[in-house]
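For reference, the structure is listed below as structure tokens.
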2 protein chains.
Amino acid sequence: MIDTKTRILDTAERLFGDQGYGATSLRQIITEAGVNLAAIHYHYGSKEELLDQVVMRKADPVNRERLEALDRLEAAAGGGPAPIEAILEAFLAPALTRVAANPEFSKLMGRMLGEGLMPSLARKHFRTVANRFTTALARALPHLSAVELRWRTHFLIGAMAHMLCSKPEGNSALEGVELQRATRRLVTFVSGGLRAPAADDPKTEVKLG
Amino acid sequence: MIDTKTRILDTAERLFGDQGYGATSLRQIITEAGVNLAAIHYHYGSKEELLDQVVMRKADPVNRERLEALDRLEAAAGGGPAPIEAILEAFLAPALTRVAANPEFSKLMGRMLGEGLMPSLARKHFRTVANRFTTALARALPHLSAVELRWRTHFLIGAMAHMLCSKPEGNSALEGVELQRATRRLVTFVSGGLRAPAADDPKTEVKLG
DNA sequence: GTCTATACTGAGATAGAC
DNA sequence: GTCTATCTCAGTATAGAC
């Protein structure tokens with residue numbers, strides 16, 4: 001039989017995914033997992049820490065996929081910069097495919113970004129991914145200053161997060177072809193935004209600063 | 001003395017803004033407002049309804065500003081479409097200036113979008129704004145189909161919401177000139193995304209549909 | 001119509017026995 | 001490591017005073 005700690009994590013993942021974080025009580029988790037209430041606090045400390053662990057276990061494969069895709073891209077590009085659309089797809093597709101696999105859980109992930117409650121623990125796990133992709137984008141977008149690029153990736157994350165947790169009105173499920181199309185829409189939009197002329201060129205800086 | 005109903009609303013607004021929705025208890029609100037616990041349920045029915053009212057009272061002036069700005073734009077444009085950047089600024093600037101005025105409350109507004117807990121009541125109040133701006137954007141972006149435009153405005157909302165509730169790393173306060181610059185960055189990014197060639201041109205539609 | 005006092009149910013957290 | 005019992009605090013509901 002699986003040990004208590006793992007059984008809690010499995011059950012929490014399922015329930016958080018199905019119902020959301022706030023709507024799931026620890027008592028429901030322990031009932032379905034067949035463990036004692038205090039076991040959660042013994043193994044995880046608090047409900048929020050438990051969420052951390054659940055999210056991290058889900059996020060790790062996504063980030064691994066992202067890095068592998070980027071590796072392939074950079075190998076294919078030889079020494080030069082990789083194409084922007086390809087970089088974006090390498091970053092976005094692994095997350096968006098999870099929408100199809102488990103809509104509720106993706107909603108939770110997107111929500112966490114939106115709520116700004118992505119905790120220090122989880123943030124660390126995204127550091128490598130963030131650095132690699134920022135570097136790749138910087139090489140592909142030499143017209144942007146570092147600070148401008150940081151803002152634009154911020155907007156990119158926002159667009160992705162909002163897509164993870166809700167769909168535009170009139171759209172139903174995102175499966176198969178629909179998902180691919182939606183991903184392409186997002187890639188198109190964001191690459192358009194990234195390619196826009198820099199807003200902080202020296203001339204403007206002087207005028208405003 | 002202000003009546004009970006208003007005093008509850010004022011106090012709730014301040015506390016939700018300072019601490020967030022989840023972290024604020026009704027008992028804290030009634031203590032600081034000097035009213036009875038049941039008065040909240042008498043006047044507002046539930047905590048969530050109270051949030052609705054708080055948000056709506058804040059959102060209404062923002063939306064009025066937006067519509068007035070759009071009115072001016074369309075008057076200036078005569079019969080033709082208004083410039084994309086101007087439309088975007090009319091929509092985004094009124095919301096973003098609130099970031100400077102009350103960072104915590106803006107965080108809450110952004111969070112609500114992200115959490116998808118924007119309730120039916122509040123959603124209704126954004127309908128007029130959404131329709132007017134969607135129409136204006138559709139005229140300025142004739143190369144986009146209705147469905148493509150809906151997706152792109154969805155991404156636009158995501159970028160805005162994420163900016164409302166968090167700033168890119170390394171940035172401190174958004175005041176005065178910094179705020180104007182950040183607004184311009186967002187306008188630039190989004191207009192780039194909106195202008196990108198349509199991803200759902202007929203050829204692709206036929207192939208996928 | 002408004003408001004107060006109080007009780008109810010369920011949440012997360014914790015101390016201490018085993 | 002695990003479990004029982006208990007604590008505090010949340011949102012909600014209702015009976016009845018003015």
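A note on names: the letters A, B, ... follow the listed sequences, proteins ahead of strands, and every chain is numbered from 1. Side-chain atoms are counted along with the backbone in the values below, which use heavy atoms only and exclude waters and symmetry mates.
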Find the distance [X]:[atom1] to [N]:[atom2] and express it as a whole number of Å.
{"X": "A:I40", "N": "D:dG1", "atom1": "CD1", "atom2": "P", "value": "17 Å"}
{"X": "B:E49", "N": "D:dA13", "atom1": "CD", "atom2": "P", "value": "12 Å"}
{"X": "A:I8", "N": "C:dG12", "atom1": "CD1", "atom2": "P", "value": "13 Å"}
{"X": "A:Y44", "N": "D:dG1", "atom1": "OH", "atom2": "P", "value": "12 Å"}
{"X": "B:K47", "N": "D:dA13", "atom1": "NZ", "atom2": "C1'", "value": "17 Å"}

Quick one: is [N] close enough that its OP1 or OP2 comes under 4.0 Å of any side-chain N or O from [X]?
{"X": "A:T4", "N": "D:dG1", "answer": "no"}
{"X": "B:Y42", "N": "C:dT2", "answer": "yes"}
{"X": "A:H43", "N": "D:dT2", "answer": "yes"}
{"X": "B:H41", "N": "D:dT12", "answer": "yes"}

- Item | Close residues, residues 25-39 of chain B, relative to DNA chain D [heavy-atom separation under 4.0 Å] |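 Residues of residues 25-39 of chain B under 4.0 Å from DNA chain D: B:S25, B:L26, B:R27, B:L37, B:A38.
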Please check if the side chain of [X] supplies one atom and the backbone of [Y] the other of a donor-acceptor pair under 3.5 Å.
{"X": "A:R98", "Y": "A:P94", "result": "yes"}
{"X": "A:K58", "Y": "A:E13", "result": "no"}
{"X": "B:H154", "Y": "A:A159", "result": "no"}
{"X": "B:R152", "Y": "B:A196", "result": "yes"}

- Note: B:E74-B:R139 ion pair, threshold 4.0 Å (strictly below):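 No, this pair does not count.
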- Could you verify whether a donor N or O on one side chain and an acceptor N or O on the other, from A:T11 and A:E32, lie under 3.5 Å apart?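 There is no such pair between these side chains.
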